[in-house]
S.K.: 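There's a structure below that I have some questions on.
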Amino acid sequence: MSNERQPAGTDAGGLPPAVKPAGGRRGLAGLGLSVVCGIVAAVLGTSLHGQLLYVGGIGYPWGAVAALVFAWALMVWAGLKARNVFMAGVTGFVAYVLVGLMATGMGREPLIITATSARPELAVALAGKIWVLGLALATVFAVAVSAWALKPDGRD
């Protein structure tokens, strides 16, 4: 008879070690790193997202795409550095909350424009939409990539 292989981490609720929040100093360090990376992604990504390339009178939001790639890379790096998939999600969550606050303007003018009716500013509004909505997708993709990178290799 063959022994059936038990899932990794069955002693702690069936979750693999890369998914479980780490405890102690290592967990706090990973959480702190994730929060800092989320703040950096939100601030620098918001600064970068408004960069446009005009060719023939049409604006192309290359900055929004670059900001998403930068934020995604920070999320994956935070997850891999902490060796915990959850921390990649925390980084994305912190970034998304801050970007949401910047998009609403918090009672003043917003830093991220997502809607306008003026013809010349349509590219700016498109860049804002790409940045705000794309950040949620980048977070999901970063968690998936982190989970893939941190999965057990399956060797016995």
Side-chain angles (χ1 to χ4, degrees), residues 7-53 59-118 121-153:
T10 54
D11 57 335
L15 294 174
V19 178
K20 294 183 297 191
R25 295 182 98 172
R26 183 172 163 229
L28 287 177
L31 183 62
L33 175 73
S34 296
V35 170
V36 169
C37 285
I39 293 169
V40 168
V43 171
L44 294 182
T46 298
S47 298
L48 180 61
H49 92 278
Q51 300 298 315
L52 301 170
L53 173 65
Y60 296 97
W62 72 269
V65 175
L68 287 175
V69 171
F70 174 71
W72 173 81
L74 274 177
M75 289 178 228
V76 171
W77 182 77
L80 296 180
K81 182 74 174 168
R83 302 208 41 82
N84 193 329
V85 176
F86 183 69
M87 294 306 161
V90 168
T91 303
F93 178 76
V94 169
Y96 197 76
V97 167
L98 292 176
V99 165
L101 291 173
M102 291 180 212
T104 61
M106 298 178 289
R108 298 182 178 182
E109 293 295 318
L111 293 174
I112 302 169
I113 298 170
T114 56
T116 184
S117 60
E121 296 175 358
L122 288 178
V124 174
L126 178 62
K129 287 179 184 176
I130 290 171
W131 173 229
V132 173
L133 299 175
L135 191 57
L137 294 174
T139 301
V140 171
F141 188 58
V143 168
V145 168
S146 297
W148 174 79
L150 292 173
K151 73 176 186 212
D153 59 1

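Because only heavy atoms are used, hydrogens play no part in the values below, and waters and symmetry mates are left out as well, while side chains stay in. This chain uses plain numbering: 1 for the first residue, then up along the sequence.
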S.K.: Just jot down the side-chain contact (heavy atoms from CB on, under 4.5 Å) partners of Val43, sequence neighbours excluded, or say none.
M.R.: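 By the side-chain contact (heavy atoms from CB on, under 4.5 Å) rule, Val43 matches Ile39, Met102.
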S.K.: Would you say that more than 12 heavy atoms from the other residues, nucleotides or ligands in this model lie under 6.0 Å from the CZ of Phe70, or not?
M.R.: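 Atom CZ in Phe70 is crowded, with more than 12 foreign heavy atoms closer than 6.0 Å.
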S.K.: Quick one: side-chain hydrogen bond (donor to acceptor under 3.5 Å, both in side chains) partners of Trp72, sequence neighbours excluded?
M.R.: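 Partners of Trp72 by the side-chain hydrogen bond (donor to acceptor under 3.5 Å, both in side chains) criterion come out as none, since no residue qualifies.
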S.K.: Would you please name every residue forming a side-chain contact (heavy atoms from CB on, under 4.5 Å) with Ser34, sequence neighbours left out?
M.R.: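 So Ser34 forms a side-chain contact (heavy atoms from CB on, under 4.5 Å) with Ala78, Met87, Val90, Thr91.
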S.K.: So do the side chains of Gln51 and Leu48 get within less than 4.5 Å of each other, counting heavy atoms only?
M.R.: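 Side chain of Gln51 against side chain of Leu48, heavy atoms only: contact under 4.5 Å found.
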S.K.: Between CG of Leu126 and CG of Leu52, what distance do you get to the nearest 0.5 Å?
M.R.: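 Leu126 atom CG to Leu52 atom CG measures 8.5 Å (nearest 0.5 Å).
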S.K.: If you round to the nearest 0.5 Å, how far is OG1 of Thr139 from CE of Met75?
M.R.: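 These two atoms lie 3.5 Å from each other.
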S.K.: Tell me every residue that passes side-chain contact (heavy atoms from CB on, under 4.5 Å) with Ala41, counting only those two or more places apart in sequence or in another chain.
M.R.: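 Applying side-chain contact (heavy atoms from CB on, under 4.5 Å) to Ala41 gives Ala71, Leu74, Ala95.
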S.K.: So how far is it from Phe141 CZ to Ser146 OG, rounded to the nearest 0.5 Å?
M.R.: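 Going from CZ on Phe141 over to OG on Ser146, the span is 10.0 Å.
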S.K.: Drop me the distance from Leu98's CG to Leu135's CG, to the nearest 0.5 angstrom.
M.R.: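 Taking CG in Leu98 and CG in Leu135, the distance rounds to 10.0 Å.
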S.K.: I'd like a table of donor-acceptor pairs (distance under 3.5 Å, sequence neighbours excluded) in which one partner is a side-chain atom from residues 59-68, with atom names and distances.
M.R.:
none

S.K.: Return the OG1 to CH2 distance between Thr46 and Trp131, rounded to the nearest 0.5 Å.
M.R.: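 Separation between the atoms: 5.5 Å.
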